[in-house]
Structure formats: structure tokens, C-alpha cells
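First the proteins, then the strands, lettered A, B, ... as listed; each starts at 1. The figures that follow rest on heavy atoms only: side chains count, while hydrogens, waters and symmetry mates do not.
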Amino acid sequence: LGAEHRLATAPQLDSCRASARNLAMSGYDRAITVFSPDGHLFQVEYALEAVRKGTTTVGVRGKDCVILAVEKRATPKLQDPRTIRKILTVDNDIALAFAGLNADARVLVDKTRIECQSYRLNVEDNPTVDYVARFIARTQQKYTHRGGVRPFGISTLLGGFNTDGVPELYQTDPAGTYYAWKATAIGKNSKSVVDFLEKKYVEDLEEGPALRLALKALLEVTEASGKNIEVVIVRKSGLGWMTEDELDPLLKELDDTADKISKLKETK
Amino acid sequence: PFWLKCAEGTPTQFAKSSLTRLLAVNLRASPHKMGTEAMFAVKGKDFVIIAADAMTAFSVMKLKDDYDKIWEVEGKLFAASGPSADASNFMEFIEKNINLHTLRTGLKLSTKASANYTRNELAQSLRKKGSYQTDLLIGGVDADGPKLYFMDYMGSSESVNKAAHGYGAMFTFGLMDRYWKPDMELEEAKDIIRKC
């Protein structure tokens with residue numbers, strides 16, 4: 001993501017944020033350490049805006065698995081698709097998916113990987129997903145608290161298992177808060193995806209249904225093709241990436257765009 | 001700057017998110033004892049076999065006779081001899097760093113790379129904070145074949161066909177020289193180890 005995601009002064013705000021623009025123009029968005037008169041930290045909010053423009057990412061927690069599914073932006077023809085990894089391993093059994101600035105994610109994930117190994121070195125035990133989420137949130141918050149730095153422009157979804165065998169899904173955001181979720185989405189059009197999940201989520205899903213739910217939710221806002229979607233299934237035994245061959249037939253089955261279009265035509 | 005570093009830390013530093021390890025470092029170089037421990041290894045046609053004794057003692061008392069001195073790190077075997085404090089502290093550190101590398105890059109280090117990384121850590125610590133009194137045998141199988149490394153506490157490292165550490169080495173080198181041949185099968189190699 002390049003120059004269109006400037007988080008510094010005078011960003012291009014659209015007209016429905018006119019009130020924010022007035023305040024911003026008066027200079028309260030320059031340094032992140034400055035509160036605005038009505039209690040906003042503008043840099044943090046702009047970082048959240050960067051997240052909202054990032055690729056859609058869905059997480060679903062099942063009975064004994066966590067599904068992370070992300071939309072992959074179409075790779076340019078000359079680019080090697082293997083170099084684009086949107087879901088990263090942070091520890092042996094913990095996967096991280098993000099929405100927002102790719103470079104910020106790389107740096108934050110590197111810090112987190114070091115922290116996980118440091119934890120293992122000192123305590124000789126796996127860090128829990130909760131610990132890792134708290135660490136990421138703490139790091140993101142630190143960057144809202146000092147002068148001369150900007151917040152990380154990413155929200156993350158962490159999926160993993162604790163030693164007691166319970167799956168967990170956590171979200172962090174640029175403000176430095178973290179939440180545990182049963183199912184959620186971040187990035188572009190996340191609101192419609194979350195609405196879909198709220199309607200369709202059921203407790204204690206098995207792996208198959210959980211996977212279908214996550215994919216269906218993602219398909220609400222993404223094109224159904226194995227090239228566009230990356231999926232990781234986090235199991236107690238470790239992480240499993242779905243190959244394009246496994247994904248394509250499943251997506252074809254779940255893709256109901258044709259039905260939706262025909263329904264629309266009927267109502268017309 | 002990209003590797004985890006050992007740093008002497010005061011208790012307050014433990015809380016820092018940068019990697020620190022609480023190490024009480026004895027800067028007086030202690031003489032390296034050859035040790036009553038024995039370990040040997042031979043390289044076969046597509047495998048490496050490493051054996052190490054299972055005793056750990058405190059002064060004249062045998063604490064354990066089932067102590068595993070062979071560490072498994074990303075598919076490579078590290079046999080570490082010496083005082084168990086040095087061996088385990090050093091090997092834990094190496095293990096976590098190698099795991100970090102795999103997580104960061106998505107690729108496993110080759111045996112040669114792992115061995116070289118390990119010897120660098122030994123060589124650096126020798127001149128900075130005092131040595132880890134641990135001799136190592138490192139074995140692994142990569143795409144280009146099996147590899148065995150003989151490494152000592154000063155950081156010397158050699159790729160070899162057969163190796164041994166400890167007083168036992170004095171007796172077993174002759175045996176290994178006599179019976180080892182290139183491209184051995186597993187049973188032949190096991191036989192040599194049994195003889196050792």
C-alpha cells in the first residue's frame with residue numbers, strides 16, 4: 001500500500017466526515033500525542049481508516065478449530081504469487097491474519113515472533129493466544145503514546161489453541177485494544193460480513209460447517225475463486241493451509257452469486 | 001540485530017519485551033573438563049546416528065541415569081555434553097533461535113547452516129562472557145545428503161564422517177576408524193555404535 005494511505009497531516013477525507021475535517025484542519029491530527037478538544041486521537045482513528053481499506057479478513061471459532069480466511073488482492077500478471085502471504089505463523093500453533101498496511105504487519109509480526117520465542121525460552125511453555133494478543137495490543141498501544149511515531153495501520157485476527165485444547169480467536173486494532181470473538185471480520189466491507197456472521201453463527205461448529213460459514217461470509221464481499229482467497233485451518237495438531245485445488249470446488253459449491261442475480265431479476 | 005541475543009539482565013529487565021535471559025555468568029574461565037560423558041556419532045548413506053550416555057551427576061552422586069542429552073531442533077539432532085547447566089542453557093537458546101528463523105522465513109535451516117550458526121554463538125560467547133563448556137555433535141539429513149558436525153566448546157566445527165566426545169572418544173576413535181566405511185546401511189552403523 002503506497003502513497004494513498006498517508007496517515008500524516010491533511011488526509012483526503014470524504015464529505016460525510018466534514019465535522020472531522022474541520023477539527024483536523026485546526027491541527028489536532030498532527031502529532032498522535034495530542035488529544036482533540038472532543039477527546040479524539042485522530043491518528044489512531046486515521047489508522048483505523050487504513051484498516052477499513054484493507055483486504056477483508058474473516059475469523060470463525062468452531063468447537064475444535066479456528067478458521068481464518070482472507071481475501072487476496074489480485075496479483076499483477078508478472079508477480080510471483082507465492083511471495084504474497086497474508087496469513088502468517090506467529091508461533092507453532094498460532095496464526096495471524098491482518099487487514100491494513102502490509103509493511104506494518106510484517107514489522108509487528110516479527111516483534112511478536114520474537115516475543116513468542118522469548119516466552120518459550122524463559123518459561124518453557126507455549127504462550128497462550130490471549131498472551132500473544134495482549135502483547136500485540138500492548139505494542140500497538142505503545143505507538144499511540146509516544147511522539148515521533150505513528151500507530152501501526154493494522155488490525156489483526158489471531159487464531160490458535162491453548163494447552164488445554166480450547167480454540168481461541170482474538171482481534172487487536174491500532175488503538176491497542178484486544179477482544180475475543182466467536183466470529184468476526186475486519187477490513188473492507190467488514191460490516192456486511194459481520195452482519196452475515198451474526199445471523200448465521202451457531203455455537204460449537206464442527207470443522208466442516210465452520211469452514212463453510214467462514215467462506216460463505218467472505219463470499220458476501222469477495223469473488224469466488226481460489227486465486228482470491230487464502231484459508232488457514234488452525235487445529236490442535238497445528239496449522240493447515242488449504243490449497244487452491246481444495247478450495248476451488250468448495251467455493252464453487254458455496255457461490256450463490258448466480259442465484260442472487262436470478263432472484264434480483266425475478267423481483268424486478 | 002536479527003538474532004535473539006543473550007544479555008546479562010537485572011530482574012527489572014526481565015519485563016522488557018526485548019529478549020533477555022537471566023543468566024548468572026561466571027566470567028572466570030573454568031577449565032574445560034573432558035568429562036566422564038561419552039557421545040559418538042557416525043554418518044551412513046542417508047542417515048546420521050548419534051548416541052550419548054544418559055548419566056548426569058552432581059559431584060560424586062549420580063542424579064539421573066536416563067537423562068537425554070540429544071536435542072531435536074527442526075529435524076536436526078544436537079548432542080550436547082558438559083555441565084548440564086551450560087548444555088541446557090546453550091541448547092535452549094539455540095533451539096529457540098532456530099525456531100524463530102523457521103517462523104520468520106518459512107524455511108528450515110540446513111544442517112550446515114544450523115551448525116555454523118551454533119559455532120558462531122559459541123565463538124562469540126567465548127570472547128565476551130566466558131565459554132559454554134559444552135561440546136556438541138550435530139547431525140542432520142538435507143536434500144544433498146546426511147551431514148555430521150563435530151563441534152567443541154571453543155567453537156571449532158568440522159564436517160566429519162565419524163566423531164566422538166569425552167574420555168570415551170580415546171577408545172572409540174580407533175574402533176570407528178577400523179570399521180567405518182562410506183555409504184553404510186543402518187544395521188552396519190548400529191553395529192559400530194554397539195561396539196563403541
Going by the rule ring-ring contact (aromatic ring centres under 6.0 Å, His included), which residues pair with B:F90 if we only count those two or more places apart in sequence or in a different chain?
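By the ring-ring contact (aromatic ring centres under 6.0 Å, His included) rule, B:F90 matches B:Y132.
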Is any side-chain heavy atom of B:N97 less than 4.5 Å from a side-chain heavy atom of A:Q117?
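Of all side-chain heavy-atom pairs linking A:Q117 with B:N97, none is under 4.5 Å.
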Tell me, do B:N99 and A:R120 make a side-chain contact under 4.5 Å, heavy atoms counted?
no
Does atom [atom1] ([X]) have a neighbourhood of more than 12 heavy atoms from anything else shown, all under 6.0 Å?
{"X": "A:E246", "atom1": "CD", "result": "yes"}
{"X": "A:K72", "atom1": "NZ", "result": "yes"}
{"X": "A:K63", "atom1": "NZ", "result": "no"}

Let me know if A:V90 has heavy atoms under 4.5 Å from chain B in its side chain, its backbone, both or neither.
backbone
Can you tell me how far apart CG (B:N89) and CG (A:L121) are? Round to the nearest 0.5 Å.
8.5 Å
Among A:T89, A:T112, A:L88, which one satisfies side chain to side chain contact (heavy atoms under 4.5 Å, CB included) with B:L103?
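Exactly one option meets the side chain to side chain contact (heavy atoms under 4.5 Å, CB included) with B:L103, and it is A:T89.
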What closest approach, in Å, do A:R113 and B:R104 show between heavy atoms, and which atom pair accounts for it?
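Smallest interatomic distance, heavy atoms only, reads NH1-CA, 3.3 Å.
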Only distances under 3.5 Å count here; give the side-chain donor-acceptor pairs of residues 55-64 of chain B to other protein atoms, sequence neighbours excluded, each with its distance to 0.1 Å.
residue	atom	partner	partner atom	Å
B:K64	NZ	B:D66	OD1	3.3

